[in-house]
Structure formats: structure tokens, C-alpha cells
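Predicted model only: the values in this text are computed from it and were never measured. Residue numbering restarts at 1 for every chain, and letters A, B, ... go by the order of the sequence lines.
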Amino acid sequence: MIFKVNQFTFTNTNKRVQTEIYLLVDIFYCCTQSTLKRNIQLKNKLNIFLLVGFLLALVLTIWVYYQTTNRIGDITFDKDIDNSEFKICNEDRIPQYYAVGTNYQNGEKAIKKELSELINNLNFKNSGFITYRFIVNCKGEVGSFRVKTIDSVLKENVFDSQKIKQLQKSIEKLKQWNAGKRKDETLDSYYVLNFKIQNNKITDIF
Amino acid sequence: MKIFIKIIKVIFTILLFAYSIAIIYLIALAPKEKRFKIAEHSQGFYLSQTMFDILIFQNANYSDAYFEKSVAFNKRGEYAKGFELLDKAVKLDPKLHLGYRGWMKLRKLRDYENALRDFNKLDSLTPNFVDSPWGEDIDFLRGECYYGKKNYKKAIELFNRNIKNQKEDWADIHTFVYLGLCEYELGNYKKAISEFKRGLKQSENLCEAHFGIAKSYKELGQMDKAKEFLLKAEENIAYKRDDVYNEFLNEIYLSEILEFKQQLNK
């Protein structure tokens, strides 16, 4: 009996210990699992942060690149309106006329003289300004024309498109352009030429 | 090894976020004056215009941002957009921006009427003060406007007022050139010569004055004198008044001098 009791006791004790061990193992398992889970969660979070940080930096870099490589008034080739024979020497570097000293030989006064016949013959219905922006390439040739028009209170308006084309053709015939220069190197550059229209006539070119 | 990778990941995450935050800070959060300077120095780029847009969005009354944003448009011949922005700047702070708008209308568009309107309005806002739109005497600029309008008598009045404002020795040397040109246009050739000579007292290299005197002497029938001053004009052409942006109303070219020389030698 004693034995039995003892056995029982032993058995009982054994079972208790076993239960306690199971409990401990269970607790240990649980703890390990939660740490593991936490670790996995932490690892995932870090990866997510890294990914978000990378994507944000990438998007911002692309945006800044776009914003710092494009300028107001840049002209891109348009096969529908531009002459494909007009060649630009360096498409990656087209400064403004005032940065590289692009000019017409003897100035706009000379342009006025050369276009005097057209100036006298062209009649317009409204007043304002016709502004041509174009490229004077490194050889002193002109092309890639774009036009902006404003009225006498400097708001956008519309002039007869045929006359605008006629004026553009007359600019294309001007042959004494001095290409812009920087350190003895001739460069392509953007130029701006304004026609002032008053009382139906061109009254000034500058 | 795992810890090492983990550390690398943490460092990269911090660097990438710091990089992004730095960009966002410089573009949208830094003090407005600092961002204005950055945008001003990258004039014409989309980034510059976007930064001005953000500044305007955050500070609706920041007139300088409208003004500075207009510059790139006007320099590239997009006047409708440029002047729309300048109009907003003027509306917010007329005293600060009217002069520049008038100056732009005169020098960029030769729009004399509208330029005069701006100069006159500015003058009325600042009584007993001589304004200097974009660093030039307001009466010199108004004189140029009237010269452009071919109203030579009024131009003379304004150029003389400029001399009175600035005193003879300090007035813009081209005031005397314009005075000479106005008298020449009115047929007062002797008076024209004396006005041109006032300019020559400031500088012997004033080729526009030499050329003007030569033309006046020709009208007076004194060909020897005309040739003498024409030669001086030719010798000093390197000192002529010019500007990288636009041709001046009184700008002369060597070709004109040579053409006139041929006429004199006929």
C-alpha cells in the first residue's frame, strides 16, 4: 500500500512534474513563438520601411530630375509643324540668346530694313504683339518656330494664321544670324523676335 | 550575419528617409526667403516655377513670388502669362512692382502708352520722391516712352526733369543723347549739337553723340565738321550702348555709320 501510496505518490509526483514540465515547455514554446512572431513582424516592418523609403526617394529623384531638366519655353521637335531638314547641333544644350550673345547682324534695325516691303504690305485686323520664339542653330540657321500672340492689353489673342505664317517665312529668309558663342564655340540658342501691330500695321520689330 | 544585414537595412532606411525629407524640406518647408533664393537662382526651370507655385499657395500675399515667377515667362516671350503674374504682384504691392512692370513694358514690348500709365501711377503713389524703376530714373524712362511715341517736345521736358533730379554730372549720359536726338527730330540742329556735346563732356567715347553731331552738321551743310564727328563715332563704336536682351531705342550700328559715310562722300 505504502508502495502503492508511494507509487501513487511517485506517480502522482511524476505526473505533476510532467504536467509542470509540459506547462513549462508550453510556456517556453509560447514565448519562443511570440518572440519569433515579434521578430518576424519586426523584420517585416523594417523591410516595409526600407521599401517605402526607397520608393519615396525614387519618386522624388525622378520628379526632381524632370523638374531640373525641363525649362519654360523649351521647344521639342514636332514632325507636323517643324522642318525636318533643320538640324540642331546639340539637342542637350540650347541656351537662351541673351546667355550666349546670339544676334542678327546690325540688329533688329537691319531686320526692319530687310522686311520693310512686307511690313508695308501686311494689314491686320487687330492690334497687339506677335512673338516668335525659334532656334538659331550653331550654323546661324533658323527653325523650330513657335508663336505667341497678345492684344494691346497684353492678354492672349488670335491673329490671322495666314499672316503669321507669312511673317514666319520672312524670318526664315533672313540670313545674317550670328550664332551664340561661348569660349569660341558656336552654340544653338533660343531667340525671341517681337512684331508690334498698331492701327492694322506692323509698326516695330524688336 | 543576420544582425549585420539588419543594421545595413536600418542605416539605408534612415538615409533614404533623410534624403526624401531634405528634398521636401528644401522645396516646401524651409523659410520662404531661402526657398525664394533657390527658385530665383534656378530661373526658368520647372523646379523654380513649381517652388514659386508652392510659395504662392502657402503665402497668398507674397507679391515677390508672383513677380519673380513672371521673369522666366517674359524673358522667353510668353508675355500673356508673364504679365498676368506681374499684374497680381502689382495688385498686392503697387509701390514695389509698378515700376518694374512699366520698365518691362517699355524695354521688352516698346508698349509706351501702358508703360507711361504704370510710371505715372507709381509717381502718384510716392509724392515728393523720385522713383527709380529697375534702377533708372523714372523721368529718364518716361522721356524714353515719349521719344518712342515720337512726342519729342514732351520727351525733352521729361529728360530735362531727369537732369534736374540727378544733376548734370550724375544724370544718365544717354539723357543728353536723347535730348540731342529729340532736337534733331524737331529740326533744331544747332540745339541738337549743343545737347550732344553735353554728353561728350561726361565721356569722349559717347559714339551716339558723335554720330548725332555728324548728322546735325550735315543738315547744317557743314560737311567737314560732319566727317570729323563721323570719324569719331566710328572710332568709338566699341563703346556703344547695347544690351544682351533687347535693342535700345537709340542704339546705333557700325553699318549705319559706314552707310552715312558713303552718303557724305558722294
Report yes or no: is the cationic atom of B/Lys75 (NZ for Lys, CZ for Arg) closer than 6.0 Å to the six-membered ring centre of B/Tyr245, at no more than 45° off its axis?
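So B/Lys75 doesn't make the cation-pi contact.
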So, is the end of the B/Arg241 side chain (NZ or CZ) under 6.0 Å from the ring centre of B/Phe248 and within 45° of the ring's axis?
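Because its charged atom sits under 6.0 Å from the ring centre and within 45° of the axis, B/Arg241 does stack over B/Phe248.
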Heavy atoms only, distances under 4.5 angstrom: which of [options] has the most pairs with chain B? Name it, please.
{"options": "A/Gln198, A/Lys109, A/Lys155", "value": "A/Lys109"}
{"options": "A/Leu50, A/Val192, A/Thr131", "value": "A/Leu50"}
{"options": "A/Gly101, A/Gly107, A/Gly73", "value": "A/Gly107"}
{"options": "A/Tyr66, A/Phe54, A/Tyr191, A/Phe206", "value": "A/Phe206"}

Using distance alone, with no hydrogens and no angle criterion, decide if [X] and [Y] have a side-chain donor and acceptor under 3.5 Å apart.
{"X": "B/Tyr79", "Y": "A/Glu156", "value": "no"}
{"X": "B/Tyr19", "Y": "A/Thr61", "value": "yes"}
{"X": "A/Asp188", "Y": "A/Asn137", "value": "no"}

Mind ranking B/Ser20, B/Ser48, B/Gly82 by heavy-atom pairs under 4.5 Å with chain A and telling me who comes out on top?
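Heavy-atom pair counts peak at B/Ser20.
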Which of B/Asn114, B/Leu109, B/Thr50 touches chain A most, by non-hydrogen pairs under 4.5 Å
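Answer, by heavy-atom pair count under 4.5 Å with chain A: B/Leu109.
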Tell me, for A/Asn194 versus chain B, whether the close heavy atoms (under 4.5 Å) come from the side chain, the backbone, both or neither.
side chain
May I ask you to check whether over 12 heavy atoms, not counting those of B/Lys121, lie within 6.0 Å of atom NZ?
no
Does any heavy atom of chain A fall under 4.5 Å from the side chain of B/Glu251, the backbone, both, or neither of them?
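Only the backbone of B/Glu251 comes within 4.5 Å of chain A.
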